[in-house]
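All remarks here apply to the structure that follows.
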Amino acid sequence: MKRTHHCNELRLEHVGQTVTLMGWVHSRRDLGGVIFLDVRDREGRTQTVFDPSEVSKAVFEQAASLRPESVVAITGLVRRRPEGTTNPRIATGEVEVLARELVILNRAEVLPFAVDDPETASRVNEELRLRYRYLDLRRPEMLRNLKLRSKVAMATRAYLEEQGFLEIETPTLFKSTPEGAREFVVPCRNHPGLFYALPQSPQQFKQILMVAGVERYFQLARCYRDEDLRADRQPEFTQIDLEMSFVEREDVYAVVEGLLQRIWRVALGVELKRPFPRMRFRDAMDRYGIDKPDTRWGLELADLTETFHGSDFKVFQQAIAQGGVVKALNAKAMAGLTQGQMEQLTGLARESGAKGLAYIKVEGGEWKSPIVKFFREAERVQVQNRLKVEEGDLLLFAADEWQKACEILGRLRLQVIDWARQAGRLQVEPGRFDFLWVEDFPLLSFDKENNRWYSSHHPFTAPVPEDIPWLKTDPRRVRGQHYDIVVNGVELGGGSIRIHQPDLQKTVFEDVLQLPPDLVKGRFGYMLEAFRYGAPPHGGIALGFDRLMALLCGAESIRDVIAFPKTAKGTCLMTESPGPVEPRQLRELHLELRMPPTRGTGP
RNA sequence: GGGGGCGUAGCUCAAUUGGUUAGAGCGCUGCCCUGUCACGGCAGAGGUUGCGGGUUCGAGACCCGUCGCUCCCGCCA
């Protein structure tokens with residue numbers, strides 16, 4: 001027996017045909033004298049009818065005995081549903097299949113949770129959904145996410161192929177590169193004491209491919225990072241990874257904008273406007289207090305350093321005297337925050353390094369605040385004008401060195417926006433996507449604890465050419481040719497133009513990052529060597545494919561767009577990985593376990 | 001590594017200030033039902049309150065520990 005149609009196929013035009021459907025029992029409505037079975041497959045569902053005057057008693061009883069999610073094959077006659085019994089909510093709702101034969105392909109046991117009811121199923125404990133992932137994925141909304149993911153992957157391949165990119169796989173058995181994220185290491189039998197490491201990204205291989213003359217490479221690359229997880233982070237994840245030769249930043253932007261435009265068109269039927277806006281890192285920090293601003297909301301930060309230059313308020317005075325700034329955020333209409341919420345804001349400010357939180361609540365025409373008594377009239381007027389203060393506003397201040405002050409208010413801004421959205425006071429159309437390129441990041445950041453410079457992104461990022469002279473003398477002011485693509489405050493991806501000159505790369509490693517030459521040689525020697533045999537200028541980018549899909553699907557967690565995701569602790573509840581290995585395997589790998597003392601008794 | 005939330009029937013939840021035999025809806029089982037589509041009706045079964053310890057005359061609730069899920073900070077070149 002073969003199926004003749006899928007479950008979202010039958011229409012009035014099929015009336016009179018004998019068909020065979022195969023699928024899952026979505027729901028059974030047993031009216032005693034007649035039984036309705038909805039058969040579901042990945043395309044949709046179709047109602048079948050068991051009428052005792054049309055089928056044998058045995059078949060009828062079998063139909064009556066079926067539990068939801070059993071797999072069946074039903075052969076019968078397509079007919080128009082009787083007047084008044086059509087179901088406009090499903091595509092096949094004008095017809096039904098009058099069953100003649102029923103084969104039970106697999107009888108399902110009683111389910112751990114309901115699959116057929118989207119309302120309840122979506123509220124089921126995620127632990128259970130992950131343990132029975134195959135049931136969870138049967139839910140139409142999960143299947144929809146998988147379908148969309150496949151569609152977007154295909155569109156990505158098609159677009160990049162049109163643009164002349166070659167899809168090339170790179171090794172997942174790589175070696176350890178201890179800079180950056182913690183890695184998963186893989187022992188190997190043939191090399192006692194040596195380890196592979198799973199790549200955090202194909203960065204080095206894709207640059208080598210440029211040296212190899214590939215010119216345009218892409219890959220839907222699996223990447224692995226052994227770091228603590230979040231709603232938008234998994235230990236293994238997928239990137240749309242690409243690299244191009246003989247390009248500048250704008251060339252990469254053009255390809256990525258075209259790709260995202262194609263993806264939005266294919267997935268959502270939405271036409272994105274190009275080019276996307278650009279913003280310098282410095283401006284992003286200055287205006288939004290973060291390097292991935294959500295520009296859907298206003299609420300920009302203001303700089304009041306000039307205003308408070310001769311302030312009597314010591315906190316402001318000192319910050320400015322030490323070369324810092326005074327910044328402020330007008331949280332419009334938020335004066336009504338509770339004491340608890342104000343404490344929460346203060347806590348957030350402290351976490352970001354503030355000593356406290358200066359604020360003004362504008363209520364009843366009055367500025368209620370412990371600090372306002374230190375303001376001179378001119379300061380007050382300027383604050384009023386600069387922040388466009390109105391009744392009901394909440395003014396938040398940060399006085400510190402520039403970056404810290406920006407970051408403090410940036411976090412408060414996000415919290416305040418979150419509350420305003422929850423209260424329904426800030427709204428935005430659901431299909432709005434604010435894309436933004438953030439560029440001109442500092443190439444290097446200073447690590448106070450270890451008293452050394454390190455790469456803000458990675459050590460292969462090329463400096464902005466006119467800043468190269470500052471590399472050794474004033475590293476702080478060197479900008480990198482790095483760029484991030486941001487949408488609605490989510491960092492969707494990042495990339496850079498790379499260094500392709502071996503001497504410049506060597507300078508960065510040894511003079512700027514202060515890595516010992518033998519360490520550089522051991523870790524990156526092959527790259528420096530490759531660059532000596534004709535390396536084209538090149539650059540690229542990697543986009544977080546899971547985050548991209550979460551955006552397109554409207555999912556809150558990337559777990560909802562990954563078929564088999566891991567928990568926040570990095571385990572798989574379905575397969576119970578990671579799991580132990582046999583002593584024999586350890587012996588072959590020349591490994592011996594030194595376990596931490598066992599704690600607790602388990603569940 | 002740190003902080004918050006959650007854990008009670010198969011599922012989603014309730015259980016006043018610590019006080020009777022831990023309840024409801026859905027699901028499940030049985031019976032009835034020929035036009036339902038969240039079918040309906042009647043009856044019934046179903047509990048180690050995550051686990052371990054403690055306080056108390058008495059603990060689902062309070063305390064300590066622990067396990068699991070989750071969100072956030074650190075971390076993620």
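Note that the structure is a prediction, hence the values are computed from the model and not measured. Each chain gets a letter, A, B and so on, in the order the sequences are listed, and its residues count up from 1.
Between the side chain of A:Glu96 and the base of B:G35, a donor-acceptor pair under 3.5 Å is found. Counting atom types as modelled, A:Asp38 pairs no side-chain N or O with a base atom of B:C37 as donor and acceptor under 3.5 Å. Under 3.5 Å, the side chain of A:Arg225 and the base of B:C76 form no donor-acceptor pair of N or O atoms. Scanning atom types as modelled, no donor and acceptor separated by under 3.5 angstrom connect the side chain of A:Arg67 and the base of B:G27. Taking 3.5 Å as the limit, the base of B:G35 and the side chain of A:Arg79 contain a donor-acceptor pair of atoms between them. The base of B:U36 lies close enough to the side chain of A:Gln47 for a donor and an acceptor atom to sit less than 3.5 Å apart.
A distance-only check finds no donor-acceptor pair linking the side chain of A:Gln239 to the backbone of A:Ala542 [under 3.5 Å]. A distance-only check finds no donor-acceptor pair linking the side chain of A:Gln514 to the backbone of A:Trp453 [under 3.5 Å].
Side-chain contact check for A:His458 versus A:Thr461: some heavy-atom pair is nearer than 4.5 Å.
With sequence neighbours left out, A:Asp51 forms a side chain to side chain donor-acceptor pair (under 3.5 Å) with A:Ser53. Residues that satisfy the side chain to side chain donor-acceptor pair (under 3.5 Å) test with A:His26, not counting sequence neighbours, are A:Arg40. Considering only residues two or more places apart in sequence or on other chains, A:Glu127 meets the side chain to side chain donor-acceptor pair (under 3.5 Å) condition with none of them. Under the side-chain contact (heavy atoms from CB on, under 4.5 Å) criterion, A:Arg282 pairs with A:Trp402, sequence neighbours left out.
Residue-level contact check: A:Arg411 touches the backbone only, with heavy atoms under 4.0 Å from sugar-phosphate atoms and none from bases. As judged by a 4.0 angstrom heavy-atom cut-off over every strand, A:Thr92 is placed among residues making no nucleic acid contact. Contact annotation for A:Ser53: no contact, since no heavy-atom pair falls under 4.0 Å across all strands.
Less than 4.0 Å separates RNA chain B from at least one heavy atom of each of the following residues of residues 28-36 of chain A: A:Arg29, A:Asp30, A:Leu31, A:Gly32, A:Gly33, A:Val34, A:Phe36.
Side-chain N/O atoms of A:Tyr483 and A:Asp440 include no donor and acceptor closer than 3.5 Å. Under 3.5 Å, the side chains of A:Ser496 and A:Arg498 contain a donor-acceptor pair of N or O atoms.
B:C11 sits 23 Å from B:C62 when the P atoms are compared, rounded to a whole Å. For the P atom pair drawn from B:G27 and B:C67, the interatomic distance equals 38 Å after rounding to whole Å. Nucleotides B:C6 and B:U12 place their P atoms 16 Å apart, quoted to the nearest Å.
Ring to ring, A:Phe237 and A:Phe545 are not that close: their centroids are 6.0 angstrom or more apart. Remark: aromatic rings of A:Phe36 and A:Phe50 are distant, center separation not under 6.0 Å.
Residues A:Pro52 and A:Asp116 both approach RNA chain B. Their nearest nucleotides, taken by heavy-atom distance, put A:Pro52 toward the 5′ side.
Of all nucleotides present, only B:C42 satisfies the Watson-Crick or G-U wobble test against B:G30, with each distance under 3.5 Å. Remark: B:G19 base-pairs with B:C57. Criterion, Watson-Crick or G-U wobble with two distances under 3.5 Å.
Comparing B:C76, B:C72, B:C39 by their nearest atom to the side chain of A:Ser27 picks out B:C39. Closest to the A:Ala568 side chain, of the nucleotides B:G35, B:U70, B:C37, is B:U70. Of the candidates B:C76, B:C37, B:C75, the closest approach to any side-chain atom of A:Arg81 belongs to B:C37.
We find that CD of A:Glu69 is positioned 12 Å from P of B:C28, with the value rounded to whole Å. Look at CD on A:Glu127: it is 7 Å from P on B:U70, rounded to the nearest Å.
OP1 or OP2 of B:G68 has not a single side-chain nitrogen or oxygen of A:Thr571 nearer than 4.0 Å. Considering only side-chain N and O atoms, A:Thr85 lies nowhere under 4.0 angstrom from the phosphate OP1 or OP2 of B:U36.
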For nucleotides 11-14 of chain B, give me every protein contact, N/O to N/O, under 3.5 Å, one pair per line with atom names.
unit_1: B:U12; atom_1: OP1; unit_2: A:Asn125; atom_2: N; d: 2.7
unit_1: B:U12; atom_1: O2'; unit_2: A:Arg123; atom_2: NH2; d: 2.3

